[in-house]
Amino acid sequence: MKINSTPYRTIWPTADNAAVEIIDQTKLPHIFTTLRLETMRDAERAIRDMQVRGAPLIGVTGAYGVALSMKHHASDAALKASCDKLLLARPTAVNLRWGVERMRAFLALLPESDRAAAAWQEAARIADEDVEINASIGRHGSEFIRAMHEKKTSTVNILTHCNAGWLATVDWGTALAPIYTAFDAGIPLHVWVDETRPRNQGASLTAWELGQHGVPHTVIADNTGGHLMQHGMVDMAIVGTDRVTARGDVCNKIGTYLKALAAFDNGVPFYVALPTPTIDWTLQDGVKEIPIEERAAEEVTHISGLCDDGQVRTVRLTPENSRAANYGFDVTPARLVTGLITERGVVQADAGAMQVLR
Ligand code: MRU
């Protein structure tokens, strides 16, 4: 994707291969700044503090975290300690486990002396694969947008939740990849962007990256989607996911389930775009089995924004003594999902149909 006409990925190795750089997503949309990660602990902190976020990017950052640790200590004990530490950074996106365990399995077979160089190459391979996977999701998913356009012969209105775009991956995004692909092919479309309280990934990140690409969009308060669907103003919803179970239950940013319910009630197709590493084949019942991250109450009680003097400030929203709960994700049962858009094609969200993805 391009920022002010310059092509960027969200994570890349420095020219001397001594570190990786990331875009600090906690500063967007008001400040574009990059950060240098030099150690495994830097990578772990970047994931935990959400300087990088989004399931696929968390997975790639975890992989680079292992690679950074191998530069300093490449023993079996160091490999285990690094992997174990990184896995604790955030609980819900299974891509972190996928990326770290892939690195662990690959490196465990190598002599210590080879591990640093090999780890760097393997992390870069994972990053490159993510770009390929998302481009493919874009091609498959854009067919639905094209078909909708051919049917209605006017602008296709798509609702999305959170940020499952370029910023949530290495490039392209998952839910936004079909949108970019269709837009680039000249299909007229418009995106309803859920603000996505409490961290506002929609208002801050999705709106920013769609704007950078020139895609028409409108930010809406989180509770607006149902009303729009009742009035025929949404042709389809496309969201990303942090973990899909073997039977097709979909875990994604808090509020996704309510959008899926509203879509179901109004006959609006509800698609979930994902790279296949987001499927957790060890789980069935997403509601009971997927660990849901709970974050600090301050993310609910406070909000940050750009003040008229050009400074970004944080202010309190709630009474001082009110408690707040901050559940990061919810689970949408498979029955509410119209289709899973993967890099290998589109499948029904059910155990039998998903076997082709194993
Ligand atoms: O808490 P976040 O910002 O990491 O949550 C991100 C999401 O919920 C995305 O929708 C999901 O990771 C899919 S990203 C392609």
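In listed order, ligands and their atoms are each counted from 1. These figures come from a predicted structure and were not determined experimentally.
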Result block: side-chain N/O donor-acceptor pairs under 3.5 angstrom for residues 225-238, not counting sequence neighbours:
residue	atom	partner	partner atom	Å
Asp235	OD1	Lys152	NZ	3.4
Asp235	OD2	Lys152	NZ	2.7
Asp235	OD2	Asn157	N	2.7

(message) Donor-acceptor check, side chain of Asp285 to backbone of Lys288, threshold 3.5 angstrom: yes or no?
(response)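 Confirmed, Asp285 side chain pairs with Lys288 backbone.
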
(message) Taking the basic N atoms (NZ, or NE/NH1/NH2) and the acidic carboxylate oxygens, is any pair closer than 4.0 Å for Arg197 and Glu195?
(response)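 Here Arg197 does not pair with Glu195 in a salt bridge, since their nearest N and O are not under 4.0 Å apart.
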
(request) Would you mind checking if Arg45 and Asp42 are paired as a salt bridge, meaning a charged N to carboxylate O distance below 4.0 Å? (result)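 Salt bridge: yes.
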
(message) Give the residues near ligand 1 by chain and number, with the criterion being a heavy-atom distance under 4.0 Å.
(response)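 Around ligand 1, where the cutoff is 4.0 Å for heavy atoms, the contacting residues are Met50, Arg53, Gly54, Ala55, Pro56, Arg90, Cys162, Asn163, Ala164, Ala168, Thr174, Gln201, Gly240, Thr241, Asp242, Asn252, Lys253, Phe329.
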
Could you go through residues 137-148 and list every donor-acceptor pair under 3.5 Å that involves a side-chain atom there, pairing it with any protein atom two or more places apart or in another chain?
residue	atom	partner	partner atom	Å
His140	NE2	Glu343	O	3.4
Ser142	OG	Gly138	O	3.1
Ser142	OG	Arg139	O	3.0

Which donor-acceptor pairs under 3.5 Å do side chains of residues 319-327 form with protein atoms, sequence neighbours excluded?
residue	atom	partner	partner atom	Å
Asn326	ND2	Ala296	O	2.9
Asn326	ND2	Glu299	OE1	2.9

